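Read through the structure below, which is laid out as structure tokens, and then see the notes.
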Amino acid sequence: MVKVAVVGASGFTGGELLRILLTHRNVELEIATSRTNAGEYLHTVHPNLRGLTMLRFEIPNIDRLTKCDVVFLSTPAKVSSELTPKLLESGIRVIDLSPDFRLKNPDEYRRWYNWSHPYPKLLEEAVYGLPELYRDRIRSARLIACPGCMATAAILGLAPLAKEKLIQGDYLVVDVKIGSSGAGLSRSLSSHHSERANVVRPYAPAGHRHVAEIEQELGKLGNPVKVGFSAHAVDMVRGILATCHVYPTRSLDIKDLWKIYRGFYRGEPFIRFVRDRKGLFRYPDPKAVVGSNFCDIGFEIDEHTGRIVVLSAIDNLVKGAAGSAVQCMNIMFGFDETEALRIPSLHPV
Amino acid sequence: MVKVAVVGASGFTGGELLRILLTHRNVELEIATSRTNAGEYLHTVHPNLRGLTMLRFEIPNIDRLTKCDVVFLSTPAKVSSELTPKLLESGIRVIDLSPDFRLKNPDEYRRWYNWSHPYPKLLEEAVYGLPELYRDRIRSARLIACPGCMATAAILGLAPLAKEKLIQGDYLVVDVKIGSSGAGLSRSLSSHHSERANVVRPYAPAGHRHVAEIEQELGKLGNPVKVGFSAHAVDMVRGILATCHVYPTRSLDIKDLWKIYRGFYRGEPFIRFVRDRKGLFRYPDPKAVVGSNFCDIGFEIDEHTGRIVVLSAIDNLVKGAAGSAVQCMNIMFGFDETEALRIPSLHPV
Amino acid sequence: MQIKCPECDGDIPVPEDVVPGEIVPCPDCGSEFEVYLGSDGSIELKPVEIEGEDWGE
């Protein structure tokens, strides 16, 4: 059995890693670290895990971690970049959910994170943790850099169009709606329930760090693009809907779109297309994916303006974080890629 | 005292008209019609009005209506166009909150409403009920056509830029988030609470009827524009946030924007600019305007793509419907334009 | 008296008896300025940096 450790296991994303890993038939969850909750049972912080494990949180310790086969780093920015080199030296594999190794170009870290990267060489080696784009490279990778949650939604929605060079690079708008769990456990007046409920709060109207990843990945697939990104906090706990407004380089009809998307994502276990004439959920809606590893993608052609609207819905904690991370682990260790991830979402929620 | 009637008074918009008119010191609410609730007290349907009036709903009757000075028509599409001509003949003034007289060009009704307009001549006479654009013409108008709620948010947000011919007409995106009261009282599976809560549901991703009004009004101010419109239902009862993505025809800085917006809306009692470096509500958010007649407008320049993001927040039932309608009445009858409308929104809500 | 906001051109109300070193916020854009006496003795404003709020992910 593969031995697994989760560093930063008391956050929402950490909790999702625990929830998924505890049901995984090929791994043994050895270590779950948390400085603030060391000594506590996991269910003290994660009530959904009560009765599923008697494991307790512990302080992160390199020697104990390096006895595992793989370590998930669910840590804030600029933490994993200290830990990762030591872990890699000991020969174990690292799946980093933080932003520290996502970008290839160190200058982009200076620009978007105001940070000069301490290990630029590792940026080459790190593999971007999106199975739908990098399955082969993930298989043999030592270091995985899992994408940002909003980047995941936008990239998965737009990748097929980027590959066909269908996106006018100067007029691409990505308008994101995200739930409160996207901000994790960091408490502030803005996360205070009476102030957070019932909002449609533009919190990053003119750009966000995730733009760097989206442009990096779409640029590799097709022509370079500049993403006009706006994020809004809405009244939802889990979930992201990215509404992508694309002005195409050539006109095409709805059949072409179906062909392009089916072709690009043929055989993908966690991509679903939602453009349905029937039922209530005719386009992607986070409500339909909450708790699951699915990314629902829908599209429409606006005859009036020639615009293509692509809609992409995920659970920011699952496909946007812990789910994709475990999916990468399954690929790295040759398990069934869907192991522990065939979780139906809850409906209604 | 001016005598007022409200036709279609049992709906959400009708209820808001009653709430505002009952506090108005220059008018007497004579008639509130509702076929389904005829004979009931108003508070049977509108609990917020209990103790404020003993008026009862009645069946609409032309003879009784024409004894009033002004009639608000809060009716579904294709109803007011039957009633309005008779009311106008009797010499009373009509404020129509339905879509029936908003568009100047009858062909647009065929295109967007699949309806050939029975009284195209009245379309010339009708005045678009947006005080910020048509105050003078409203003063002497016999027939007011109040704008659609989403159109109000988009037009008020974009009007100053349209007038300066700053909008590239082919790349204008308006991405709207709207609460459930926008759909009024029509009940369906989609409005069933368990299915309606926690959604980010794209319900008109590639265009909506309100596009016709937005293009009509912005086109009159500046160069013609094609609006790439997408609407999403979010978990909120009242409120609209319109996020407008504008690729400008020339580059400008934030001071220019402040100057343009201040200049266009100088002295307007219900327009507020929200681009604040302090506090929690730094950009417009429907939560900050619910129950009030304010339209909060904010803007940001995305240096990365040259895009201008304009944010416009209203309460769809007040500034998006009943509030603007009463504001028009105040102008028509020479009252203080803010009478009965100086209502602070509720915070928190 | 009213002084033009360097950031957004709005009018900032400044008390007549304002003392150099005092901080005055702009009512429109929320920017904050430190008051100081210009070379000709007139009141001038110097921007005070406000740390942007981190909105989380």
Side-chain angles (χ1 to χ4, degrees), chain A residues 168 170-173 175 177-179 188-190 192 194-195 197-203 205-207 211 226-230 232 234-241 243 245 247 279-287 290 298-309 311 313 347-349, chain B residues 168 170-173 175 177-179 188-190 192 194-195 197-203 205-207 211 226-230 232 234-241 243 245 247 280-288 290 298-309 311 313 347-349:
Chain A
Q168 280 188 48
D170 289 336
Y171 296 104
L172 173 60
V173 169
D175 189 304
K177 296 85 182 170
I178 183 168
S188 67
L189 181 60
S190 66
H192 182 61
S194 312
E195 294 288 13
N198 287 322
V199 298
V200 180
R201 176 182 297 148
Y203 75 88
V211 162
K226 273 208 213 131
V227 179
F229 188 95
S230 297
H232 311 74
V234 295
D235 197 352
M236 187 168 58
V237 175
R238 286 172 181 242
I240 287 176
L241 182 82
T243 310
H245 305 276
Y247 289 92
L280 180 55
F281 293 81
R282 303 189 178 200
Y283 291 108
D285 181 340
K287 186 172 169 108
V290 161
F299 34 77
E300 204 56 76
I301 293 182
D302 174 4
E303 307 296 348
H304 180 59
T305 60
R307 175 184 54 131
I308 299 175
V309 182
L311 301 149
H347 177 261
V349 74
Chain B
Q168 279 188 48
D170 289 336
Y171 296 105
L172 173 60
V173 168
D175 188 302
K177 298 85 182 167
I178 183 168
S188 66
L189 181 60
S190 68
H192 182 61
S194 311
E195 294 288 15
N198 288 322
V199 299
V200 181
R201 175 184 301 152
Y203 74 90
V211 162
K226 273 206 218 137
V227 179
F229 188 97
S230 297
H232 312 72
V234 295
D235 198 351
M236 185 168 61
V237 174
R238 285 172 180 241
I240 286 174
L241 183 82
T243 309
H245 305 275
Y247 289 93
L280 180 56
F281 293 81
R282 301 187 178 201
Y283 291 110
D285 182 340
K287 187 173 168 108
V290 161
F299 35 76
E300 203 57 75
I301 294 180
D302 174 3
E303 307 296 347
H304 182 56
T305 62
R307 175 184 56 129
I308 298 176
V309 182
L311 301 149
H347 177 260
V349 72

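Labels below follow one simple rule: chain letters A, B, ... track the order of the sequence lines, proteins then strands, and each chain is numbered from 1. All values reported here derive from a predicted model rather than from experimental measurement.
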Show the nearest heavy-atom pair for residues [X] and [Y], with the distance to one decimal.
| X | Y | answer |
| --- | --- | --- |
| A:Leu241 | B:Pro202 | CD2-CG, 4.0 Å |
| A:Pro348 | B:Ser194 | CB-O, 3.7 Å |
| A:Thr305 | B:Val227 | CG2-O, 3.5 Å |
| B:Pro205 | A:Leu311 | CB-CD1, 4.0 Å |
| A:Ala206 | B:Glu300 | CB-CG, 3.6 Å |

Indicate yes or no: at least one non-hydrogen side-chain atom of [X] is less than 4.5 angstrom from one of [Y].
| X | Y | value |
| --- | --- | --- |
| A:Arg201 | B:Arg282 | no |
| A:Lys226 | B:Asp302 | no |
| A:Thr243 | B:Lys177 | no |
| A:Arg307 | B:Ser230 | yes |

Side chain, backbone, both or neither: which part of [X] has a heavy atom under 4.5 Å from chain A?
| X | answer |
| --- | --- |
| B:Leu172 | backbone |
| B:Ile301 | backbone |
| B:Val234 | side chain |

**Asked** Which residue out of A:Val211, A:Val309, A:Val199 racks up the most heavy-atom pairs below 4.5 Å with chain B?
**Response**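 The candidate making the most pairs under 4.5 Å is A:Val199.
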**Message:** At a heavy-atom distance under 4.5 Å, which candidate from A:Ala197, A:Ala313, A:Gly298, A:Gly306 has the highest pair count against chain B?
**Reply:**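 Greatest number of close heavy-atom pairs with chain B: A:Ala197.
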**Request:** Look up atom CG in B:Asp175 and atom NE2 in A:His245, then write down how far apart they are to the nearest 0.5 Å.
**Result:**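 It is 4.0 Å, given to the nearest 0.5 Å.
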**Request:** Measure the spacing between CD of A:Gln168 and CG of B:Asp170 and express it to the nearest 0.5 Å.
**Result:**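 These two atoms lie 9.5 Å from each other.
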**Message:** Please verify the inter-ring angle class for B:Tyr171 with A:Tyr171; under 30° counts as parallel, over 60° as perpendicular, anything in between as tilted.
**Reply:**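 Parallel: the ring planes of B:Tyr171 and A:Tyr171 meet at under 30°.
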**Prompt:** With sequence neighbours excluded, what pairs up with A:His347 under the ring-ring contact (aromatic ring centres under 6.0 Å, His included) test?
**Reply:**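 Here the qualifying residues are A:Phe281.
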**Top of B:Tyr283, B:Tyr247, B:Phe299 for chain A proximity - count of heavy-atom pairs under 4.5 angstrom** =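 Heavy-atom pair counts peak at B:Tyr247.
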**Request:** Give a yes or no answer on whether the side chain of A:Asn198 reaches the backbone of B:Val349 with a donor-acceptor pair at less than 3.5 Å.
**Result:**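 Answer holds: yes.
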